[in-house]
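Okay, so here's the structure we're looking at.
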Amino acid sequence: MKTRFAPSPTGHLHIGGARTALFNWLAARHAGGEFVLRIEDTDQERSKDEYTRDILGSLEWLGLDHDGEPVYQTQRTGIYREYVDRLLASDRAYWCHCSQERIDETRRAALESKGKPRYDGRCRDLGLGPSPGAAVRFKCPPDGETAWNDLIKGPVTFQNGELDDLVIVRSDGLPTYNMAVVADDASMAITHVLRGDDHVNNTPRQILLYRALGVPVPEFGHLPMILGGDKKRLSKRHGATSVLAYREMGYLPKALVNYLARLGWSSGDKEIFTLEEMTALFSLSSVGRSAAVFNQDKLDWLNSHYIKETPADELAGLVRPFLAREGVGGMPDEKLLAAVETVRERGKTLKEMAEKSAFYFMDRVALDPKAASKLLDGGGRAILRSYLETLATLPESHEAFDGLLDRMASELGIKKGAAAQPLRLALTGGTASPGLYDILEILGPETVRRRIGDALDFKG
RNA sequence: GUCCCCAUCGUCUAGUCUGGUCCAGGACGCCGGCCUUUCACGCCGGCAACACCGGUUCAAAUCCGGUUGGGGACGCCA
């Protein structure tokens, strides 16, 4: 088995493309076959190198390695020329001199009369030759039907009469998508073409092209679309769609891959999969046929799961750049590690973890005004002063802090929670945080004293 | 408009091929409780679906037909 992922570098690699790549990768790896990458850059207008880099970087981040070097369509024009010549020579294609205006007009008229917009075949039997501005069209059989057994959808049939004579070489000499894909997949010996559902209606045209060329037709499998919450095809207006945007938001590649795999594919009740497990279990026959709605809550859950599993030192290294974005850095590894551990179960993303742990590393924390006005009244300040006194007598160890809250509460005759909140506010600036004993230990006596002092000085 | 495809909890899905074991299972989310120094984590419990109509059959989520709904495609873009 040989599969390929063939994105066009006209935008960032998005969620849908990533899943297509993943399924191609899984199918190939499961079968011990090859997975190759082909950059479909024949659209001179919109293709950009930065997008190619984005696609390559995204796949690498996801851990989807490809065999061999990526193939670029713009470097294969000789191959296309060869295939087109064969079609021309065998009278399966012809030169078309129709102007863009005439074609547009025909289409407009067809749409107006509620028909299917299609080329009327004016140049089909004119025996025209090449000329500047001319295009080459494929002679589509007017009768009969073209069918295939889709690996995911099952049997699909199209009446050839529905198809028209598609352009296979544009007037600029470059092949169009359908021609290039067929020439490439044929010459690269691709055995299984797995792509988005939006390509089903290209498939009969391509099969016709394969047959006209007299080359083996590969197997086809069309993956259901990924939709947004409104059940419309996932797009920018649904929020982040590019793979790298998810990296920026603090998602782990394992989580994204796991999520994407479960979008359309399943293996019984299993939800958590490593790439290795997916590879072992993957089967196109267990890929669903209906479109799936992208659900970030579930992605978040998976991300939390993988965050919980990540070894401490690795996790600390992953959070560090996010902390830098929060404006803190230069902390010793040991302190970073301890701090990150306290937020490991409190953040759904690396970004959230950084946000929740930044207070450890700031010179001064800004007190949440609402909480301050509520907690730093006379009583609250008295509690803080008690902490100052008590803490001064304590050795700086976690064991020493043990039970501190209980002692303070009984000493002051208040509830444990009431004793904790003013201190939490002073130390972290807010009312929700990791455990106070951990914070006391990580912050150290000097910082603790200073922050309590700052809170006592706070003027609402 | 034409063509193609799809249809189980709010969402992802198991079950559909090989009808009965499914008054439909799991997961996310949601709700309630427990734990608790806050927030989380964790644990326990709960709500929640076979789109509709006909047919076949002793029996249908599962097979057939239709309806409705949804998606996709109709480029010298890919």
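The model shown is predicted, which means the values in this text are computed figures rather than measured ones. Order of the sequence lines sets the chain letters (A, B, ...), proteins ahead of strands, with each chain counted from 1.
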Worksheet, complete the sentence: Ranking U37(B), G26(B), A73(B) by distance to the side chain of Arg424(A), first place goes to U37(B)
Fill in: Residue mapping more 5' on RNA chain B - nearest nucleotide basis, Pro7(A) or Gln159(A)
Gln159(A)
Worksheet entry | Rounded distance (Å) that lies between atom P of C76(B) and atom CH2 of Trp95(A) | 16 Å
Fill in: C1' gap between A40(B) and A24(B), integer Å
34 Å
Item to complete: For U37(B), give its Watson-Crick or G-U wobble partner with both distances under 3.5 Å, or none.
Response: none
Discussion item. As a test of reading the structure: which of C5(B), G29(B), U11(B) is closest to the side chain of Asn295(A), going by heavy atoms?
Written reply: U11(B)
Worksheet item: Rounded to whole angstroms, how far apart are OH on Tyr306(A) and P on C41(B)?
Response: 18 Å
Worksheet item: G71(B) and C35(B): how far apart are their C1' atoms, nearest whole angstrom?
Response: 46 Å
Response to the item:
Taking C39(B), A78(B), G72(B) as options, the one with an atom nearest any side-chain atom of Thr176(A) is A78(B)
Worksheet item: Donor-acceptor pair under 3.5 Å: do we get one between Asp269(A)'s side chain and the base of G25(B)?
Response: yes
Worksheet item: So, Tyr94(A) versus Phe138(A), ring centres under 6.0 angstrom or not?
Response: no
Item to complete: Counting Watson-Crick and G-U wobble pairs only, both distances under 3.5 Å, name the nucleotide matched with A49(B), or none.
Response: none
Worksheet entry | Identified pairing partner of C74(B), criterion: Watson-Crick or G-U wobble below 3.5 Å | G1(B)
Worksheet entry | Test of ring centre spacing under 6.0 Å for Phe35(A) and His192(A) | no
Worksheet item: Which listed nucleotide (C41(B), U37(B), G26(B)) is nearest to the side chain of Glu345(A)?
Response: C41(B)
Worksheet, complete the sentence: Closest of C76(B), A73(B), U37(B) to the Asn201(A) side chain is A73(B)
Discussion item. Is Arg46(A) close enough to G75(B) that one of its side-chain N or O atoms is under 4.0 Å from OP1 or OP2 there?
Written reply: no
Worksheet entry | Pairing nucleotide - A7(B), Watson-Crick or G-U, each distance under 3.5 Å | U68(B)
Worksheet item: Do Ser171(A) side-chain and C76(B) base share a donor-acceptor contact under 3.5 Å?
Response: yes
Discussion item. I'd like the C1' distance from G69(B) over to C50(B), given in whole Å.
Written reply: 16 Å
Practice prompt. Measure the distance from CZ on Phe294(A) to C1' on U13(B) and round it to the nearest whole Å.
Written response: 16 Å
Worksheet entry | Pair Glu145(A)-Asn160(A), side-chain donor/acceptor within less than 3.5 Å | no
Practice prompt. Would you tell me if any nitrogen or oxygen in the side chain of Thr42(A) comes within less than 4.0 Å of OP1 or OP2 on A78(B)?
Written response: yes
Worksheet entry | Nucleotide G26(B), atom P - distance to NE2 of His305(A) in whole Å | 20 Å
Discussion item. Using atom P in both nucleotides, what's the gap between C41(B) and C28(B) to the nearest angstrom?
Written reply: 11 Å
Practice prompt. Examine U11(B): is either OP1 or OP2 under 4.0 Å from a nitrogen or oxygen in the side chain of Lys231(A)? Give yes or no.
Written response: yes
Discussion item. Using the side-chain heavy atoms of Arg346(A), tell me which of these nucleotides is nearest: G71(B), U38(B), C39(B).
Written reply: C39(B)
Worksheet item: Counting side-chain heavy atoms from C-beta on, which of G72(B), G29(B), G75(B) comes nearest to Asp198(A)?
Response: G72(B)
Practice prompt. Considering only atom C1', compute the distance from U18(B) to A60(B) and round it to an integer number of Å.
Written response: 14 Å
Worksheet item: What is the nucleic acid contact for Glu45(A), judged by heavy atoms within less than 4.0 Å: base, sugar-phosphate only, or nothing?
Response: nothing
Fill in: side-chain N/O Arg289(A) vs U13(B) OP1/OP2, d < 4.0 Å
no
Worksheet item: Heavy atoms, side chains only, cut-off 4.5 Å: are Leu350(A) and Met249(A) in contact?
Response: no
Practice prompt. Please measure how far the C1' atom in C64(B) lies from the corresponding atom in C23(B), and state the result in whole Å.
Written response: 25 Å
Discussion item. By the 4.0 Å heavy-atom rule, please label Thr157(A) as base, sugar-phosphate, or nothing.
Written reply: sugar-phosphate
Worksheet item: Given atom CG of Asp300(A) and atom P of C12(B), what is their separation to the nearest angstrom?
Response: 16 Å
Item to complete: Identify whether any heavy atom of Asp150(A) sits under 4.0 Å from a base atom; if not, whether one sits that close to sugar-phosphate; answer base, sugar-phosphate or nothing.
Response: nothing
Practice prompt. For His199(A), report the nucleic acid contact type (base, sugar-phosphate, nothing); a contact means any heavy atom under 4.0 Å.
Written response: base
Item to complete: Kindly assign one of parallel, tilted or perpendicular to the pair Phe273(A) and Trp265(A), based on the angle between their ring planes and the thresholds 30° and 60°.
Response: tilted
Discussion item. Taking only the C1' atom of each, what is the distance from C22(B) to A49(B) in whole angstrom?
Written reply: 13 Å
Practice prompt. Please name all residues satisfying side-chain contact (heavy atoms from CB on, under 4.5 Å) with Lys370(A), sequence neighbours left out, ordered by chain then number.
Written response: Asp368(A)
Worksheet item: For G70(B), does either OP1 or OP2 sit under 4.0 Å from a side-chain N or O belonging to Arg233(A)?
Response: no
Worksheet, complete the sentence: Of the candidates G72(B), U37(B), A78(B), the side chain of Tyr437(A) sits closest to U37(B)
Worksheet item: Any idea which of C12(B), A78(B), C76(B) is nearest the Gln73(A) side chain?
Response: A78(B)
Discussion item. If you only use heavy atoms from C-beta on, which nucleotide in C76(B), G29(B), G26(B) is closest to the side chain of Arg137(A)?
Written reply: C76(B)
Discussion item. Could you check whether His12(A) and Tyr51(A) have their ring centres less than 6.0 Å apart?
Written reply: yes
Fill in: Between G19(B) and C9(B) - C1' atom distance, rounded Å
23 Å
Worksheet item: What is the distance, rounded to the nearest whole Å, between atom CG of Asp172(A) and atom P of G75(B)?
Response: 18 Å
Practice prompt. Remember a base hit wins even if backbone is also touched, and classify Glu271(A) as base, sugar-phosphate or nothing at under 4.0 Å, heavy atoms.
Written response: base
Item to complete: Assess the side chains of Thr349(A) and Asn303(A): does a donor N or O sit below 3.5 Å from an acceptor N or O?
Response: no
Worksheet item: What orientation do Trp301(A) and His305(A) show, parallel under 30°, tilted 30 to 60°, or perpendicular over 60°?
Response: tilted
Practice prompt. Answer yes if the side chains of Thr176(A) and Arg170(A) hold a donor-acceptor pair under 3.5 Å, and no otherwise.
Written response: no
Item to complete: May I ask you to verify if any side-chain N or O of Ser266(A) is less than 4.0 angstrom from the OP1 or OP2 atom of A14(B)?
Response: yes
Fill in: First of Met225(A) and Gly264(A) reached from the 5' end of RNA chain B, by closest nucleotide
Gly264(A)
Worksheet item: What is the distance from CG of Leu302(A) to P of U13(B), rounded to the nearest Å?
Response: 13 Å
Worksheet item: Rounded to the Å, how far apart are Asp164(A) CG and C74(B) C1'?
Response: 9 Å
Fill in: Distance below 4.0 Å between Lys232(A) side-chain N/O and G71(B) OP1 or OP2
yes
Practice prompt. Examine G42(B): is either OP1 or OP2 under 4.0 Å from a nitrogen or oxygen in the side chain of Lys308(A)? Give yes or no.
Written response: yes
